[in-house]
Structures are given as C-alpha cells and as structure tokens.
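As the structure is a computational prediction, the values presented were derived from the model and not from experiment. We use all heavy atoms of the structure for the numbers below, so side chains are in, but hydrogens, waters and symmetry mates are not. Per chain, numbering begins at 1; letters A, B, ... match sequence-line order.
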Amino acid sequence: MASSSQFEDNAEQYVFSCTLDNVRNLSNILKAIHFKDHAACFTTKNGLKFTVENSKCLQANAFIQAGIFQEFNISEESVMFRINLTVLLDCLSIFGTSAAPGTSTALKMCYQGYGHPLTLFLEEGGVVTVCKINTQEPEETLDFDFCSTNVINKIILQSEGLREAFSELDMTSDFLQITMSPEKPFFRLSTFGNAGSAHLDYPKDSDLIEAFQCTETQTNRYKISLLKPSTKALTLSCKVSIRTDNRGFLSLQYMIRNEDGQICFVEYYCCPDEDVEGADT
Amino acid sequence: MGMKCVITGANIRVLGRAIHSLSRIGDELYFESLQNGLCLRSVNSSRSAYACFTFAPLFFHSYETTGELCHCKTHMKSVINVFRSPPSLEKTVEKCLINFSSKKNRLVIQLLCKYGVTKTHNFSYQDCESLQAVYKTDTCPNLLKAPARLLSEAVVHFPMTLAEVTLMAHPCGKVTLRNYIEEETDASKAMLTELSLSSEEFLVYQIQEQREITFCLREFRGLLIFAESSSLPISIHFDSAGSPAIFSAADTVLEVHFVLATLSEMNCMSQSQSCRQPSAVDDDFQGDDVDYMIAMETTLGDSPPAPHSSNFYKSPPRREPSSHDSGGEEDPQKDIPGTPPNKKFRSLFFGSILTSSGRTDQEVLAEDSD
C-alpha cells in the first residue's frame, strides 16, 4: 500500500534508502530514546541504529532491523551521520501522531551520502510531504564494553511491573539505587529523597519476573536524572531485561512490540556512581 | 510509643482519597494516633482552613497503639506520592501498613501490592503538638445537611479558578450559591453565576434567620470529592458571616471535619458604609476588603514535649475572642514560608498551649527538615 511510485527517485543515487508503510514503526522507537536533541545514526545491511548519549555516562540505542522496512537498500558497508532527532521526529509525525485505524503514513527515507541531507518522503491519503534534514559530522560514541560474559546479575521483568515504579520515582533523590541479589531482597529499587527513603522490592518468584539469574549481591547507584528518561522506553515496551556486569555497569534492554506485532529493541547503558560506599541502608 | 495499623481492600482507597483531600488544605500532614483511632489533619499556611479525618479502629484491619499518643507531621507531597492514584490503589495494593515508632524515629508506610511487590516508604517527620482547631458545632444555630452529590453538582457550575463562593440560606427554604466577586472587580467584566436549591433537597434544614457566608471553594471541593466517593452526606454548621463554617461528614468508621473561615460580614455586606475604626488601621490591613478568621489552638496531650518538637506557632497563647481589627496576629504569618501573596488579609488565631509544661516559647530550630 506504500505509494512508492509517487516518489520519483532512483534508488541507485542513494547510499541508503528504505521504505516503511507505517511511519510509527520508526517514530515510536525513536521516541523511546528521545531525551537529547541529537542522535547518531548507523546503518548497515542489518538495519538502523540510533544512539543518544548524555553526560558521558548514559547511552541509549534504538535498533530498527532491516526486516521492519518494506524495502531496505544500502550500497556501502556502513553509513553513519549525526542528525537532530527532535527535527527528525517532528518530520516523521508531520501528519499527526494519532493512531487512528486505517490512517497510516508511509515513509521513504533516502540519504545520498556524506554532506547530503537526509530526505524524507511522507505520504498520507495522497498528500506527499518532502523533508530534508541536514546531517552532521558523526561523532564518536561511547563504548561501554558491556559484555554478556561479564554479566553478574540478570533479571527479565514484565515492563508493567516497573512502569509505575519509574513514573513515581522520587526525583528529589539524586540517585536510584539498584540491589540485585540471589537472596533477599532479590531485586530492590531505592531512592533517598528530601522526605525520606523509599524501597521497592520484587520477590524473585513474582509473576512479573520471567527470569531471575542473580549470582551475587550487587548494590549500585545510578544518577536518577540520567535514568529517568528511560521511562519513555519502559512505557512502550512489554518486557525489560536488567543486567549488571562486574563493574556495576547497568544495561536495560527493552523489548518493544510495534503496531504490526514486530519486535524491536531499545537499550540503555548507564555507569554507576563512583561513591558506592555507604550505599547500604 | 508507637502505632501500627493495617488497612485492606477498599479502605486503602478511602485513605488515599482522604489524603488527597487534605492535600488541598496544606503542605504538611499531621499524623496523630489516638486510642480511638488515627487522626490526619492539615491546616493551610494562613490558618484559614483546617481539615481533620478521624479513622476509628474499626476502619482498620488491625489497629494497635502502644505507649503514649504520638503526634508528628510530615510533608504532604511525599505522602501524596504514596497514594498517587486512588482508583488504581484498589487494583494494585492489597494491604497498606502504617507503622509509627517514635523510639525508632520511624514513620513507615508500606504497600503490599500485586505480584508480591512491596513498596516501603520511610518518611522523615517532625514531632509536633497536636493540631486542633477551636470550633463548636453545637453553638452554630444553622445547619444544612445534604448528600455530597447535591452539593458537588451545584458547585460544578463554578469555574475551577473561582476562589470563593457565597452560600445564602433563607429560613423560608431557599439556598442560593453564587460566585463571590471581589469589590475591586470591574462590574462590567464580572460574571455572576447563581443557583438555588430548595430546602426539600436537603436532609436537614435548620435556618434561624437569613444568613450569608462566603468561603473558599477549593478546599470545599476537596471535601466534596471525598464525601461523594464514599457517598456520605455533608453537614454544614454555620453561624453568621465571619465565624468559621464547619463542614462535616461521617460514617460508622470515619469522621471528617473541614473548618473554613468565612468572610466577615462587615466587609462583604456593607463595604460602602464600612464602619472600620480608624484607630485600628495597620499597614497590612489597610485597603483589604476581606477578613478571614478562624480560631485554633494547639494542645499537647499529657506527653512531655518531644526533644526537637517544633513549635510551629511561635505566638504566645492567644485566647482572646476573635477580633479582626487587632493588629498583632500578623507576625506568625510572616514566619510561614510559602504563604501566598497577601491577596487578602487572613487573620489567624493560633494559640500554643502546652498543658503540662510552660514551654510555650520554644525556639524553632528548623521549620522544615530539608
């Protein structure tokens, strides 16, 4: 149903081009990492990866695999650029964001290569909008070196169980303290704010927990202001995997099901706060 | 000294709604555990509105007090966080535990939720005296009692931004509600909304003579939301303009009282022929059209004052009859952080009476713990 015929462009002149019948399958995922204006975009034959970073301590990645797109062509091994994510999202939702049934916006996205703008053709009900967004010099992104062999604790949880917790986080607390342990309290989120402390405990046999693989007790603190934006990913997701490695680095992987039932992943990495001493309550 | 209680089922939502309606009054929540139940109170910064919820032991799944009574206050905001959404409370929370222990310096609210999730909130709190408004319902000659729904359907016609509403009751059996328009408002821009209710719609209708009282709508709405959700009728005891009106609702396990100041008659009725004594003019009061007053005092039971008891009300005991023209009561108001700009003067009469000790003039070390 995509009206790609209307886009009179020759795929050959682009290093990268793709088409998507429902633009929300892209825009929703991007919203999950939209907490800064700029994102880096990496494209390979496997799909797109958008990366947003904050304070050299937090990185969020959204993966949109090639299979989500109806067409996906790339003529180079990898294509990389930096783009204003706010502008990109504004363009993607130029026909509105409502998910009224039967009204989906089709997208064709093309990139001619280094120095060229990213061109979007958006079509809904026969109306076509062309957007050209300037691309920027790609910047180096952080490598958290988060390796699954170093993972100490891992919990897979239904997102429903964390949603309320994250939306109610006491933002007067500087950090969120996460305890993962093979023993009680198993999985605990704590805040220490102006008005006192709050602990949220999940037993390991809770129906919310799908997998519980904790090998040793770890208590780490993460800046709450850095983690709070991950709430956006949490609200969209159906499951979340929480992992910590031997350095206390945190990985949050969100499984997001799009409107067509396809699965995408969004991932947040966060460094722990240094002064973990006295973190116990 | 301490208190331990457990709340289950629909009563968790009732408690949540009570706290929401208290949050419309003030920034601090006063906790008081008595032998005959738990009291939650709040008062606004200008002391013109006061609310008290008393939950009888039967309201709780279990209710235990040990030792002496305890009084403390904590930030409203943080407690509201615990009970953020009353409708979802019932769905997600199975049990609510409140644990107060002055020995361990702990005020804990624990929610046991679905899927075995436990939320534990440890609150920082301040010891304080009992907060008590001075009011008597039995000396009020007028009483109206109506289902909360009747009143909430009446006030729904007023804009949310409206500050005060005037209630006029005639002995002949007609009650009118209208928005209060301030004197300085340009008459060409003002809109007057007025609606009448007949005495037949009221459960009790005792009006000695025609009375007109003007009170704050926001706080009143708070009570209405609570009473309507529990389908309780509301009683309004009032005297003449200027004396506090007492709004109450009760069932077998809980009691609610809202005491709201009313505008004094002199100013709202006869501004043009104002009979202000020139001698009593004070800078702050000059040109103010509206006087609120409400008389309250705090008493500390038999317990000795707690070590860091914060004497909220610095003013010495003041038990003289309410007289809005005396200039002395402005100073406590200055002490209160977060007092809204003085749109109108709100007179306050707070006394601090420590029954068993003479420590009425304790220094306040810190008003707030943060």
Side-chain angles (χ1 to χ4, degrees), chain A residues 155-174 176-181 183-212 214 219 224 228 231 234-235 238-240 242 279-281, chain B residues 16 19-20 23 27-31 72-101 104-127 337-338 366-370:
Chain A
I155 294 172
I156 299 176
L157 205 72
Q158 287 184 26
S159 301
E160 183 198 339
L162 271 189
R163 233 168 262 159
E164 207 186 40
F166 265 74
S167 62
E168 287 177 8
L169 282 180
D170 177 0
M171 294 305 287
T172 64
S173 172
D174 286 336
L176 173 67
Q177 179 175 296
I178 301 182
T179 303
M180 291 164 95
S181 168
E183 287 141 42
K184 245 186 149 179
F186 305 114
F187 179 47
R188 165 175 277 196
L189 303 175
S190 311
T191 51
F192 303 85
N194 290 344
S197 62
H199 304 285
L200 193 57
D201 294 341
Y202 296 80
K204 73 172 189 184
D205 54 1
S206 166
D207 286 346
L208 290 169
I209 291 183
E210 297 211 343
F212 188 90
C214 292
T219 298
I224 209 159
K228 181 73 178 174
T231 312
L234 192 62
T235 32
C238 46
K239 280 181 202 178
V240 53
I242 303 162
D280 275 20
T281 47
Chain B
I19 288 167
H20 274 268
S23 74
D27 296 332
E28 279 166 328
L29 179 67
Y30 289 74
F31 242 83
C72 69
K73 61 176 178 176
T74 183
H75 286 285
M76 186 67 79
K77 253 194 202 152
S78 40
V79 185
I80 272 286
N81 255 344
V82 180
F83 299 98
R84 188 168 283 179
S85 148
S88 79
L89 279 175
E90 205 178 336
K91 273 182 248 155
T92 56
V93 182
E94 286 162 0
K95 223 180 216 184
C96 171
L97 279 70
I98 303 176
N99 196 336
F100 180 83
S101 157
K104 292 184 191 155
N105 253 322
R106 256 194 348 193
L107 172 62
V108 182
I109 298 184
Q110 203 169 45
L111 302 179
L112 307 184
C113 310
K114 231 171 36 172
Y115 304 119
V117 177
T118 313
K119 293 183 191 176
T120 312
H121 296 265
N122 300 297
F123 295 101
S124 47
Y125 68 90
Q126 280 180 292
D127 291 323
E367 166 62 24
D368 286 317
S369 51
D370 51 334

Exercise. So, do A:His199 and B:Thr118 sit near enough that their side-chain heavy atoms are less than 4.5 Å apart?
Worked result: no
Exercise. Hey, are the side chains of A:Gln158 and B:Tyr115 touching, using non-hydrogen atoms and a 4.5 Å cut-off?
Worked result: no
For this session: Enter the distance from A:Asn194:CG to B:His75:NE2 here, rounded to the nearest 0.5 Å.
Result: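 The CG atom of A:Asn194 sits 7.0 Å away from the NE2 atom of B:His75.
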Problem set entry | NZ/B:Lys95: more than 12 non-hydrogen atoms of other groups inside 6.0 Å | no
Problem set entry | Test: A:Glu164 and B:Lys119 ion pair at under 4.0 Å |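 Result for this pair is yes, salt bridge flagged.
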Exercise. At their closest point, which heavy atom of A:Pro203 faces which heavy atom of B:Gly116, and how far apart are they?
Worked result: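 Of all heavy-atom pairs spanning A:Pro203 and B:Gly116, the closest is CD-O, 3.0 Å.
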Seminar exercise, completed: For A:Gly196 and B:Ser124 the tightest heavy-atom approach is N-OG, 3.8 Å
For this session: For the pair B:Thr120 (side chain) and A:Ala198 (backbone), establish whether a donor and an acceptor sit closer than 3.5 Å, ignoring hydrogens and angles.
Result: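 Pair absent, no side-chain N/O of B:Thr120 close to backbone of A:Ala198.
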Problem set entry | Which atoms of B:Ser85 approach chain A - backbone, side chain, both or neither, heavy atom under 4.5 Å | neither
